[in-house]
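Below is one structure; the comments refer to it alone.
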Amino acid sequence: MSDRPDLAEVVAASWRTVLDVTEVHDDDDFFELGGNSIMVTRIVSYLRRELGVEVDMLQVWDTPTFGDFRAAVEKAAGAQAH
């Protein structure tokens with residue numbers, strides 16, 4: 001077993017924690033769930049702390065739905081692993 005946390009679950013946990021929602025789905029929109037620019041910084045910090053992945057804050061504006069954002073984080077994590 002790997003000690004690396006499940007990336008998709010950590011990204012979901014970041015949204016649930018920061019947005020104070022019980023669950024997120026791929027088509028959920030960050031801003032429709034009440035997200036704002038301060039919450040973006042919290043999500044970026046959460047992902048940096050939990051995964052060691054650097055995510056550009058503008059990524060949330062580029063991919064505001066959870067599924068698209070998660071895919072972008074997965075891509076960033078893969079690029080940073082090399």
Side-chain angles (χ1 to χ4, degrees):
M1 282 211 140
S2 171
D3 288 339
R4 183 170 175 88
D6 179 58
L7 188 138
E9 177 51 36
V10 172
V11 177
S14 73
W15 279 43
R16 289 192 309 263
T17 300
V18 171
L19 295 167
D20 194 26
V21 296
T22 56
E23 59 186 353
V24 291
H25 303 280
D26 281 352
D27 60 346
D28 286 340
D29 183 282
F30 178 80
F31 299 103
E32 289 176 5
L33 292 175
N36 59 43
S37 58
I38 292 174
M39 291 176 174
V40 170
T41 63
R42 291 180 183 157
I43 286 179
V44 167
S45 294
Y46 189 108
L47 297 174
R48 182 182 306 122
R49 179 180 67 247
E50 297 297 321
L51 296 172
V53 173
E54 292 296 326
V55 178
D56 189 314
M57 288 180 40
L58 295 177
Q59 189 64 56
V60 176
W61 280 272
D62 292 341
T63 55
T65 60
F66 177 72
D68 290 343
F69 181 75
R70 184 190 65 239
V73 173
E74 289 171 346
K75 183 176 179 181
Q80 292 172 29
H82 297 321

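Just so you know, these numbers use all the heavy atoms, side chains as well, and skip hydrogens, waters and symmetry mates. Residues take their numbers from the sequence shown, with the count starting at 1.
Note: the hydrophobic cluster containing Leu58 also contains Val11 (ILVMFWY, side chain heavy atoms under 4.5 Å, direct or indirect links).
Between Asp26 and Thr65, the shortest heavy-atom distance links the atoms O-CB, 3.6 Å. Closest heavy-atom contact between Val18 and Arg42: CG2-CB, 3.9 Å. Taking both residues in full, the closest heavy atoms of Tyr46 and Ser14 are given as CD2-CB, 3.4 Å, listed atom of the first, atom of the second, then distance.
Formation of a donor-acceptor pair under 3.5 Å by the Glu74 side chain with backbone atoms of Leu7 is not found in this model.
The line from OG1 of Thr17 to CE of Met39 is 11.5 Å long, rounded to the nearest 0.5 Å. To the nearest 0.5 Å, atom CH2 of residue Trp15 and atom CG of residue Asp20 are 15.0 Å apart. In this structure, the separation between CG on Leu19 and CG on Leu33 is 5.5 Å, given to the nearest 0.5 Å. With rounding to the nearest 0.5 Å, the separation of CD in Glu32 from CG in Asp28 is 8.5 Å. Note: Asp27 CG to Asp68 CG = 10.0 Å, rounded to the nearest 0.5 Å. Glu50 CD to Ser45 OG: the interatomic distance, rounded to the nearest 0.5 Å, is 11.0 Å.
Within the 4.5 Å cutoff, the side chain of Val73 has no heavy atoms near those of the Gln59 side chain.
Taking 4.0 Å as the cut-off between side-chain N and carboxylate O, Arg16 and Glu23 do not count as a salt-bridged pair.
Between Phe31 and Trp61, a ring centre-to-centre spacing shorter than 6.0 Å is recorded.
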